[in-house]
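One structure is given here, and the rest of the page talks about it.
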Amino acid sequence: MVARYDNLGVRFSYPENWTVVEDQATTWPRSVSVYSPTEAFWNVSIHEPATDLDDAVDTVLDTMGELYTDLESAPAEQTIAGQKTFGRDLHFYCLDFLVQARIRAFELGTRKIVVLCQGEDREFDELKVVFEAITHDLISSREDAAG
């Protein structure tokens with residue numbers, strides 16, 4: 001079964017056994033995360049229209065680099081639900097586990113969006129299908145609202 005998130009100007013579905021945590025900030029950017037039972041997560045940051053997405057991606061990458069000194073990063077482009085996205089594919093170690101993460105940035109209506117998903121390497125291939133489905137629904141929900 002799936003659960004639905006609808007707040008902060010975004011909507012998406014996610015697995016009902018995942019936990020939602022909404023950022024309590026009152027200024028932009030705002031964010032919401034969904035965590036799997038194994039602590040893998042998908043996070044969306046919603047930015048104001050004037051935000052430069054390259055800078056937003058660099059900020060996430062810089063933050064990750066501060067947390068994980070052995071961070072490896074490669075540029076990435078991906079089309080999800082017909083929406084071109086760009087960002088970075090990341091690999092790093094955390095508590096002796098190899099971790100994969102993806103940063104994807106794109107415009108959604110007037111908002112600028114940055115998605116970060118992360119999971120332990122052994123389960124990431126399975127989880128990336130779920131991460132992409134959540135992102136696909138996020139993008140498609142915007143189209144539904146516009147139409």
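None of the values given here were measured: they were computed from a predicted structure. Side chains included, hydrogens not; waters and symmetry mates left out as well; all remaining heavy atoms used.
In this structure, OH in Tyr5 is found 13.5 Å from CG in Asp137, a value given to the nearest 0.5 Å. Annotation: the span from Ser13 atom OG to Leu138 atom CG amounts to 10.5 Å, rounded to 0.5 Å. Here the CG-OG distance, from Leu61 to Ser73, works out to 4.5 Å after rounding to the nearest 0.5 Å. Put simply, CZ on Arg4 and OG on Ser141 are 4.0 Å apart, with the number rounded to the nearest 0.5 Å. Note that the NZ atom of Lys112 and the CD atom of Glu48 stand 11.0 Å from one another [nearest 0.5 Å]. Rounding to the nearest 0.5 angstrom, the gap separating the CG atom in Leu116 from the CZ atom in Phe131 is 9.0 Å.
Remark: Asp125 engages Lys128 in a salt bridge (charged side-chain N to carboxylate O under 4.0 Å, His left out) (not counting sequence neighbours).
Within the structure, ring pair (Phe, Tyr, Trp, His ring centres under 6.0 Å) contacts touching residues 70-94 (residues at least two apart or in different chains) are Tyr68-Phe92. The stretch residues 22-31 participates, sequence neighbours left out, in no salt bridge (charged side-chain N to carboxylate O under 4.0 Å, His left out) pair at all. Among residues at least two apart or in separate chains, there is no side-chain hydrogen bond (donor to acceptor under 3.5 Å, both in side chains) pair with a member in residues 51-65. Legend: ring pair (Phe, Tyr, Trp, His ring centres under 6.0 Å) pairs involving residues 22-62, not counting sequence neighbours, sorted by first then second residue: Phe12-Trp42, Tyr35-Phe41.
Between Thr85 and Thr79 the shortest side-chain heavy-atom distance does not fall below 4.5 Å. Using a 4.5 Å heavy-atom threshold, the side chains of Asn43 and Val115 count as separate. Counting heavy atoms from C-beta outward, Val32 and Tyr14 have side chains that stay 4.5 Å or more apart. At least one side-chain heavy atom of Val34 sits under 4.5 Å from a side-chain heavy atom of Ile134.
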Would you be so kind as to tabulate the donor-acceptor pairs closer than 3.5 Å made by side chains of residues 94-109, with sequence neighbours excluded?
residue, atom, partner, partner atom, Å
Gln100, NE2, Asp121, OD1, 2.5
Arg102, NH1, Glu132, OE2, 3.1
Arg104, NE, Gln78, OE1, 2.8
Arg104, NH1, Arg88, O, 3.3
Arg104, NH1, Asp89, OD1, 3.0
Arg104, NH2, Gln78, OE1, 3.4
Arg104, NH2, Asp89, OD1, 2.8

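Put simply, Val2 and Ile80 are part of two different groups of oily side chains (I, L, V, M, F, W, Y) that touch within less than 4.5 Å, one to the next.
Of all heavy-atom pairs between Ser31 and Ser45, the closest is CB-OG, 3.8 Å.
In the displayed structure, Glu16 atom CD is contacted under 6.0 Å by more than 12 heavy atoms of other residues, nucleotides or ligands.
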As a quick check of understanding, evaluate side chain to side chain contact (heavy atoms under 4.5 Å, CB included) for Val114 and Val44, giving each step before the final call. CA-CA 6 Å; Val114 178; Val44 59; over 6 Å; no

Thr38/Glu120 under side chain to side chain donor-acceptor pair (under 3.5 Å): CA gap, chis, key distance, verdict: CA-CA 9 Å; Thr38 62; Glu120 198 263 317; over 6 Å; no

